[in-house]
2 protein chains.
Amino acid sequence: MYDILRKYIDRVTAAVIPDEEFVYIEQAFDTKGVKRKQFLLHEGSVCRYMSFITSGAMRQYTIDDNGAEHITILAIEGWWMSDRGSFMSLTPSRYNIDAVEDTELLVTTLDKITRLKEQSLTFLKMAHILDQNHSVAAQKRIEAGISYTAEEKYRYLMRTHPEFFNRFPQSMLASYLGLTPETMSRVRKQVLSQ
Amino acid sequence: MYDILRKYIDRVTAAVIPDEEFVYIEQAFDTKGVKRKQFLLHEGSVCRYMSFITSGAMRQYTIDDNGAEHITILAIEGWWMSDRGSFMSLTPSRYNIDAVEDTELLVTTLDKITRLKEQSLTFLKMAHILDQNHSVAAQKRIEAGISYTAEEKYRYLMRTHPEFFNRFPQSMLASYLGLTPETMSRVRKQVLSQ
DNA sequence: AAATGCGATTGATACAGATCAATGGAAACG
DNA sequence: CGTTTCCATTGATCTGTATCAATCGCATTT
């Protein structure tokens with residue numbers, strides 16, 4: 001499992017991490033399994049883990065006042081999962097995180113990450129790049145939310161994350177895009193017929 | 001102008017930055033004025049500046065295929081403004097940035113920031129906290145986009161950024177929320193009458 | 001193999017918010 | 001100081017997407 005994280009760090013930083021640095025990373029991360037439909041985080045509790053998915057699929061979502069779910073993050077192997085706000089400030093989260101497939105994780109805590117950033121320059125660099133990528137992606141998703149039609153949202157997801165379509169049920173993709181499952185189904189039909 | 005940035009750094013890091021560190025920061029930032037309606041960044045060009053607003057107000061926006069503007073960022077004094085993706089990777093931006101009021105900035109470049117993060121631990125810390133805050137705010141805004149009604153979006157903006165209402169025309173606030181000016185006006189009437 | 005349940009599809013209808021259009025007021029400008 | 005431009009408001013109408021409802025298929029359980 002650790003070699004998946006290692007390859008990921010190499011790819012993101014466009015370098016090869018030295019063995020003596022990677023030792024620190026191995027020490028900082030524990031393995032953890034989460035079965036399908038089991039929770040990694042419940043609304044109201046503090047998100048104590050920052051998790052790297054080595055296999056499987058997860059989602060983060062909120063439940064609004066009417067009881068409707070809204071998926072805020074979908075993630076598969078090679079992605080990070082946590083509620084960053086809760087994790088960094090140790091405040092209760094408003095989100096739930098559960099596994100959509102049986103999932104294997106490498107998890108670490110805030111203390112360990114803080115130490116790790118001092119011990120490994122490569123890890124620090126990776127964290128920076130991660131922040132940046134996350135920020136750019138979030139910006140685009142905000143833009144999609146305020147300016148795209150249902151069809152444009154569908155095409156946007158197909159372009160940016162085609163791999164999601166064979167990993168998550170269509171109803172979850174709909175929620176992730178802010179659409180109902182019915183609209184998603186109709187848009188799909190429309191798009192595929194052209 | 002520099003003392004505004006100084007106070008900002010002190011507040012964000014919850015510390016008092018030593019004089020010997022702040023010297024580096026002063027050296028890294030130049031002052032720059034942008035008159036109302038003038039541009040700081042044009043779509044298609046690289047965003048070479050990371051700017052701290054000391055006074056005034058700015059917006060970032062895209063123009064879609066139908067020629068409609070969509071405001072992605074609104075910012076006033078005490079906020080940062082740039083296209084992070086373009087700035088970090090030196091690629092052409094898809095956004096425009098212009099001044100809504102006559103604006104005074106402290107601007108720096110990628111090279112200078114990189115050096116500054118090595119020279120000043122306080123600045124590095126500030127950058128981290130900034131990333132984190134930005135990430136949390138972006139997450140909430142995405143959530144608003146996929147799950148809020150027009151009225152909820154209006155209330156959300158009133159709750160999180162009441163100061164925007166006397167700084168930006170209502171039509172810009174509407175665009176920022178992904179509403180038409182007409183809907184914004186009607187929602188406003190509705191909300192204020194209760 | 002039957003039973004159960006979840007997800008996708010399809011149709012009918014409702015509604016929130018967009019669009020089109022006109023008016024009025026206030027700020028910016030020559 | 002008049003003129004122009006921008007912005008907010010209001011009304012009428014249209015439309016994209018949600019909602020409600022029924023059916024179907026496939027996978028999981030017993």
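Judged by the 6.0 Å distance and 45° axis criteria, Arg6(B) is positioned over the aromatic ring of Phe22(B).
Sorted by first and then second residue, the ring-ring contact (aromatic ring centres under 6.0 Å, His included) pairs with a member in residues 93-134 of chain A read His128(A)-His128(B); sequence neighbours excluded. The ring-ring contact (aromatic ring centres under 6.0 Å, His included) contacts involving residues 174-194 of chain A comprise nothing, where partners must be two or more places apart or lie in separate chains. Legend: salt bridge (charged side-chain N to carboxylate O under 4.0 Å, His left out) pairs involving residues 179-194 of chain B, not counting sequence neighbours: none detected.
Ring centers of Phe29(A) and Phe52(A): at least 6.0 Å apart, outside the cut-off.
Counting heavy atoms from C-beta outward, Tyr61(B) and Ile97(B) have side chains that stay 4.5 Å or more apart.
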For nucleotides 18-30 of chain D, 5' to 3', base contacts (B), sugar-phosphate-only contacts (S) and non-contacts (-) with protein non-hydrogen atoms under 4.0 Å give SBBB---------
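More than 12 heavy atoms of other shown residues, nucleotides or ligands fall within 6.0 angstrom of atom OH in Tyr8(B).
Near-neighbour residues of DNA chain C inside residues 59-68 of chain A, defined by a heavy atom below 4.0 Å, are absent. Residues from residues 163-173 of chain A placing a heavy atom under 4.0 Å of any atom in DNA chain C, listed by number, are Pro169(A), Gln170(A), Ser171(A). Near DNA chain D, defined here as any heavy-atom distance below 4.0 Å, the residues from residues 138-160 of chain A are Thr149(A), Ala150(A), listed numerically.
Every residue meeting the salt bridge (Lys or Arg N to Asp or Glu O under 4.0 Å) condition with Asp30(B), not counting sequence neighbours, appears here in chain and number order: Lys112(B). Residues passing the side chain to side chain donor-acceptor pair (under 3.5 Å) test with Arg155(B), sequence neighbours excluded: Glu151(B). Under the rule for a salt bridge (Lys or Arg N to Asp or Glu O under 4.0 Å), Glu104(B) has no partner lying at least two apart in sequence or in another chain.
Look at Lys189(B) and you won't find any side-chain N or O under 4.0 angstrom from OP1 or OP2 of dT9(D).
A salt bridge between Arg84(A) and Asp131(B) is absent, with no side-chain N of the basic residue lying under 4.0 Å from a carboxylate O of the acidic one.
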Hey, can you pull the donor-acceptor pairs under 3.5 Å for the side chains in residues 32-43 of chain A, sequence neighbours left out?
from, atom 1, to, atom 2, distance (Å)
Arg36(A), NH1, Val100(A), O, 3.2
Gln38(A), OE1, Lys35(A), N, 3.2

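Comparing the helix axis at one end of the helix from dA1(C)-dT30(D) to dG30(C)-dC1(D) with that at the other, each defined from 5 consecutive pairs, gives an inter-axis angle of 50° (nearest 10°).
Between Tyr154(A) and Phe165(A), the ring planes are perpendicular. Angles over 60° get that label, and only those under 30° would be called parallel.
Atoms CG (Leu177(B)) and P (dG17(C)) sit 12 Å apart, rounded to a whole Å.
Here Leu105(A) contributes atom CG and Thr31(A) contributes atom OG1; the two are 9.5 Å apart, rounded to the nearest 0.5 Å.
Of the possible donor and acceptor atoms, one in the side chain of Ser86(B) sits under 3.5 Å from a partner among the backbone N and O of Thr91(B).
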